[in-house]
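Input: a single structure, listed below in structure tokens.
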Amino acid sequence: MSNKSIKAIKGTFDILPSETPLWTHIEEVSRKTFEQYGFEEMRTPVFEATELFVRSIGEVTDIVQKEMYTFTDPGERSLTLRPEGTAPVVRAYLEHRIHVNQPFVKYYYIGPMFRRERPQAGRTRQFHQVGVEAIGSDSPGVDVETIALAYRLFVQLGIDDVSIRLNSVGCKPCKENYSGLLRKFLKPRISELCNDCKQRIDRNVFRVLDCKETACRKVVAEAPSILDSLCKPCSEHFDEVCKLLENIDVPVNIDPRLVRGLDYYTRTVFELNHSALGAKDAVGAGGRYDNLIEEMGGPAKPAIGFAIGLERTIMILKKKGADKVSSDKDKVYLISLGQYAFELNFKLLEKLRRCGINASMDPEPRSTKAQMRAADRIGAAIAIIRGDREIEEGVVMLRDMRKGNEDTIRKDNVIDKLLEKLQGEN
RNA sequence: GUGGGUGUAGCUCAGUUGGUUAGAGCAUCUGACUGUGGCUCAGAGGGUCGGGGGUUCGAAUCCCCUCACUCACCCCA
């Protein structure tokens with residue numbers, strides 16, 4: 001390929017018509033499932049003030065430090081393409097003062113996110129997420145509803161073998177206590193840890209728990225559990241979450257080593273994993289963020305949410321061979337033998353479309369064979385064939401492309417006959 | 001940011017120790033079938049062999065540089 005041609009930029013990709021039905025299917029299933037659970041759609045801009053993400057995600061996180069698409073607009077404002085969906089929703093929630101008359105709200109969003117990472121399987125620079133945020137309650141029931149929804153969504157998509165990891169990182173004091181304990185535990189064993197983890201002890205201790213190096217895992221296996229460091233309210237909250245989850249048969253594995261990358265998480269955190277994805281196998285994740293809204297200058301409103309990655313969901317569906325979605329409405333193809341027939345068909349084409357029938361025809365009257373092939377290729381249910389013979393008799397021929405039989409009918413009855421046939425099949 | 005791998009037709013890929021007009025399958029178009037798709041058969045179109053430089057009588061093949069893509073690590077969904 002010539003390197004002069006303009007190509008989609010690294011980490012982005014086109015979704016061609018052969019793939020769009022799968023994407024719209026996932027979006028439709030998501031919308032339907034979210035609305036069953038009482039969530040409403042929120043749409044926010046794809047770019048925001050940079051400050052929004054710096055404050056919410058956390059200044060020292062990798063996302064903010066090196067992965068954001070940040071630019072200065074001609075008005076000298078620093079803007080950033082959203083790297084995740086929670087902060088914008090929270091911003092909109094506060095900006096419209098929704099808490100004033102709606103103490104508890106449930107939102108969902110669907111759309112592209114942007115992070116400048118090195119692309120690889122299941123990770124692109126423009127990627128797509130669907131997610132939810134439930135704002136205004138710290139009831140364990142909301143945690144459970146949210147986790148159940150995440151699980152349900154995958155089941156609805158035909159993925160019933162996700163595994164769910166669940167943990168609680170506690171409230172702020174719990175987190176601080178535990179990070180102290182963990183440091184105290186790790187410092188004497190620092191020589192046993194990998195180089196990355198040696199630095200993590202000071203920068204972000206929790207991440208040591210997540211390390212995949214076997215040496216680190218060995219050390220971590222004996223580390224104190226965060227669940228033992230929770231304060232009484234956090235501990236009771238977590239127990240209640242676990243109990244309720246059991247009641248409704250959502251399978252979770254409690255994993256005291258589960259931590260999240262974003263700073264704002266508190267208490268319940270969870271991750272949905274699938275074996276088809278390999279080492280980094282998260283397809284969805286979320287958790288509580290009880291302090292974020294207050295930290296963003298709003299009222300003290302506890303909240304919880306999650307997001308799932310669509311590219312990864314599609315990877316799973318493809319590996320399962322479940323990525324073929326049923327085709328839409330039946331189509332009709334008009335075949336013209338000769339110029340005059342072509343003109344008559346062109347008139348009929350528009351009439352059919354006005355009746356709500358999906359109809360198309362060749363842009364020019366080619367050979368019968370070529371037009372038949374075209375009809376076959378688009379998967380037409382019915383071909384309307386018209387040539388000099390039919391014109392002379394005032395009829396058209398309807399060919400059922402699946403059965404292979406043909407009917408000759410009067411041209412004035414075409415639409416009624418078509419509607420009848422198409423309806424009979426659907 | 002780090003480390004591997006791969007670049008030949010729209011797609012998937014062959015291409016021998018360097019050898020002259022660069023191949024196959026799929027896809028597309030045309031025909032066999034002068035008005036009928038899927039199957040079969042025949043034919044056609046489609047390539048600056050990623051780019052640049054070097055070695056050589058001769059380079060897709062060997063050397064150097066470069067670009068792109070890809071997988072993994074880091075981190076995240």
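Here is how names work: the chains are called A, B, and so on, in the same order as the sequence lines, proteins then strands, and each is numbered from 1. Quick caveat: nothing in here was measured; it's all calculated off a predicted structure.
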Revision key, fill the gap. Among B/A77, B/C69, B/C74, the one nearest any side-chain atom of A/R260 is B/A77

Exercise for review: Give the nucleotide from the list B/G31, B/U2, B/A68 with an atom nearest to the side chain of A/R118.
Suggested key: B/U2

Report yes if at least one side-chain N or O of [X] is closer than 4.0 Å to OP1 or OP2 of [N]; otherwise report no.
X: A/K369; N: B/G37; answer: yes
X: A/Q129; N: B/A77; answer: no
X: A/Q120; N: B/C73; answer: yes
X: A/R373; N: B/U30; answer: yes
X: A/R366; N: B/U30; answer: yes
X: A/K10; N: B/C69; answer: yes

Practice item. Classify the nucleic acid contact of A/D62 as base, sugar-phosphate or nothing, counting any heavy atom under 4.0 Å across all strands shown. Key: sugar-phosphate

From [atom1] of [X] over to [atom2] of [N], roughly how many Å is that when rounded to an integer?
X: A/K66; N: B/U2; atom1: NZ; atom2: P; answer: 11 Å
X: A/R399; N: B/U36; atom1: CZ; atom2: P; answer: 10 Å
X: A/M361; N: B/U36; atom1: CE; atom2: C1'; answer: 16 Å
X: A/E67; N: B/A77; atom1: CD; atom2: P; answer: 10 Å
X: A/D400; N: B/U36; atom1: CG; atom2: C1'; answer: 14 Å

Under 3.5 Å, is there any donor-acceptor pair linking the side chain of [X] to the base of [N]?
X: A/Q65; N: B/G1; answer: no
X: A/R377; N: B/G37; answer: no
X: A/E406; N: B/U36; answer: yes

Exercise for review: Between B/C11 and B/G50, how far apart are the P atoms? Round to whole Å, please.
Suggested key: 13 Å

Check your understanding: P atom, B/G53 versus B/C39: distance in rounded Å?
Key -> 46 Å

Exercise for review: Would you please indicate if the ring centroids of A/Y264 and A/Y289 are separated by under 6.0 Å?
Suggested key: yes

Check your understanding: When the aromatic ring centroids of A/F34 and A/Y107 are compared, is their separation below 6.0 Å?
Key -> no

Exercise for review: Could you tell me how the ring of A/F13 sits relative to the ring of A/H128: parallel (under 30°), tilted (30 to 60°) or perpendicular (over 60°)?
Suggested key: perpendicular

Practice item. Using the six-membered ring of A/F154, assess whether NZ or CZ of A/R152 lies under 6.0 Å from its centre and within 45 degrees of the ring axis. Key: no

Exercise for review: Starting from the C-alpha separation in whole Å, work towards a yes-or-no answer on ring-ring contact (aromatic ring centres under 6.0 Å, His included) for A/Y178 and A/F206.
Suggested key: CA-CA 9 Å; A/Y178 181 63; A/F206 288 0; 5.8 Å; yes

